[in-house]
Amino acid sequence: MKHIEVVAAAIVHNHSLLATRRGYGPWSGWWEFPGGKVEPGEAHTDALRRELLEELALDVQIDRQVGTIDYDYPEFHLTMHLYLCRPLGTPTLLEHSAASWLHADELDSVQWLPADLAILDKIKQLLEIW
């Protein structure tokens with residue numbers, strides 16, 4: 001099975017999480033943490049900054065890693081490294097079809113990608129203190 005390694009950002013501002021909706025591919029319309037693939041030899045934090053600039057024209061302060069999720073999709077195995085970040089500016093949608101700032105009690109109102117859903121409870125707890 002093909003293995004894909006990605007980095008993703010839990011971008012938090014004013015006790016809200018930035019969720020983005022995929023605008024392409026077989027999972028189009030599903031919500032996710034923004035981010036993307038790690039290039040060979042690329043540090044996770046460098047990959048995350050690059051992906052967020054490409055997807056959202058957004059620079060972030062990366063505070064810490066929240067966790068790593070391994071998930072088997074039908075076509076591939078995903079390893080996702082999730083980092084807690086603060087935005088340094090306003091996001092601009094360059095690849096996603098929508099974005100929304102969600103409070104902890106609103107996180108279940110969107111359809112999350114399965115791998116992202118696996119760590120959502122931990123994010124809810126973090127939103128309470130951030």
Side-chain angles (χ1 to χ4, degrees):
M1 180 178 279
K2 182 179 178 181
H3 179 249
I4 298 175
E5 183 178 20
V6 300
V7 288
I11 302 172
V12 177
H13 181 68
N14 291 334
H15 300 285
S16 295
L17 173 76
L18 181 64
T20 54
R21 187 173 64 202
R22 291 181 65 90
Y24 56 90
W27 296 92
S28 179
W30 291 62
W31 291 77
E32 66 182 349
F33 298 108
K37 293 180 185 174
V38 177
E39 300 293 335
E42 189 175 32
H44 289 174
T45 54
D46 292 341
L48 186 58
R49 283 195 170 87
R50 176 184 52 74
E51 286 287 345
L52 294 176
L53 285 171
E54 290 173 5
E55 292 183 0
L56 298 170
L58 181 67
D59 192 14
V60 294
Q61 174 188 324
I62 300 172
D63 289 309
R64 64 183 169 93
Q65 187 171 358
V66 177
T68 297
I69 301 298
D70 282 293
Y71 189 86
D72 286 324
Y73 284 94
E75 306 83 19
F76 60 90
H77 176 82
L78 179 79
T79 299
M80 179 178 69
H81 308 282
L82 184 66
Y83 289 84
L84 187 62
C85 302
R86 295 175 192 255
L88 301 175
T90 304
T92 301
L93 296 181
L94 301 175
E95 292 187 9
H96 295 91
S97 62
S100 186
W101 290 100
L102 303 174
H103 291 280
D105 62 350
E106 300 170 311
L107 291 179
D108 295 325
S109 69
V110 300
Q111 185 178 30
W112 290 92
L113 288 171
D116 296 55
L117 186 61
I119 198 165
L120 211 55
D121 283 341
K122 189 169 188 175
I123 298 302
K124 288 177 186 178
Q125 294 171 354
L126 287 173
L127 285 176
E128 299 297 327
I129 58 174
W130 273 62

With ring pair (Phe, Tyr, Trp, His ring centres under 6.0 Å) as the rule and sequence neighbours excluded, what pairs involving residues 40-62 come up?
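Every ring pair (Phe, Tyr, Trp, His ring centres under 6.0 Å) pair that includes a residue of residues 40-62, provided the two are not neighbours, is His44-His81.
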
May I ask you to test the [X]-[Y] pair for a side-chain heavy-atom distance under 4.5 Å?
X	Y	answer
Leu78	Tyr73	yes
Leu82	Ile69	no
Glu55	Thr20	no
Leu17	Phe33	yes
Thr92	Thr90	no
His3	Thr79	yes
Trp101	Pro87	yes
Leu127	Val12	yes

Verify side-chain contact (heavy atoms from CB on, under 4.5 Å) between Val110 and Arg21, making sure each step is shown before the conclusion.
CA-CA 9 Å; Val110 300; Arg21 187 173 64 202; over 6 Å; no

From [X] atom [atom1] to [Y] atom [atom2], the distance as rounded to the nearest 0.5 Å:
X	Y	atom1	atom2	answer
Asn14	Arg86	CG	CZ	10.0 Å
Trp31	Leu120	CH2	CG	13.0 Å
Gln111	Asp116	CD	CG	12.0 Å
Glu54	Glu95	CD	CD	7.0 Å

Can you name the nearest heavy-atom pair linking [X] to [Y], along with the distance?
X	Y	answer
Ala9	Cys85	CB-SG, 3.9 Å
Pro34	Leu52	CB-CD2, 3.8 Å
Leu94	Ala57	CD1-N, 3.8 Å
Glu106	Ser109	O-OG, 2.5 Å
Ala47	Lys37	CB-O, 4.4 Å
Pro114	Trp30	CD-CZ3, 4.0 Å

Among Val7, Leu48, Ile4, find the residue that satisfies the side-chain contact (heavy atoms from CB on, under 4.5 Å) test when tested with Val38.
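Testing each of Val7, Leu48, Ile4 against Val38, the sole residue satisfying side-chain contact (heavy atoms from CB on, under 4.5 Å) is Val7.
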
Sort out for me which residue in Ile119, Asp108, Asp105 forms a side-chain contact (heavy atoms from CB on, under 4.5 Å) with Lys124.
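In the set Ile119, Asp108, Asp105, the residue that makes a side-chain contact (heavy atoms from CB on, under 4.5 Å) with Lys124 is Asp108.
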
Is it true that a side-chain atom of Trp112 and a backbone atom of Leu107 form a donor plus acceptor pair closer than 3.5 Å?
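Side chain of Trp112 to backbone of Leu107, a donor-acceptor pair under 3.5 Å: yes, one is there.
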
Answer yes when Arg49 and Asp46 have at least one side-chain N-carboxylate O distance shorter than 4.0 Å, and no when they do not.
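No, no charged N to carboxylate O under 4.0 Å.
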
Should [X] and [Y] be regarded as members of a common hydrophobic cluster, given that ILVMFWY residues are connected when their side-chain heavy atoms come within less than 4.5 Å of each other, either directly or indirectly?
X	Y	result
Tyr83	Leu113	no
Ile62	Leu58	yes
Val66	Leu102	yes
Leu53	Leu18	no

Does a sphere of radius 6.0 Å around NE2 in His77 hold more than 12 heavy atoms from other residues, nucleotides or ligands, not counting ones at 6.0 Å or beyond?
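More than 12 heavy atoms, drawn from other residues, nucleotides or ligands, come within 6.0 Å of this atom.
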
Salt bridge (charged side-chain N to carboxylate O under 4.0 Å, His left out): pairs with one or both residues in residues 68-78, sequence neighbours excluded
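For residues 68-78: none.
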
Could you give me the CA-CA distance, side-chain angles and deciding distance for Tyr71 and Met80, then say whether side-chain contact (heavy atoms from CB on, under 4.5 Å) is met?
CA-CA 8 Å; Tyr71 189 86; Met80 179 178 69; over 6 Å; no

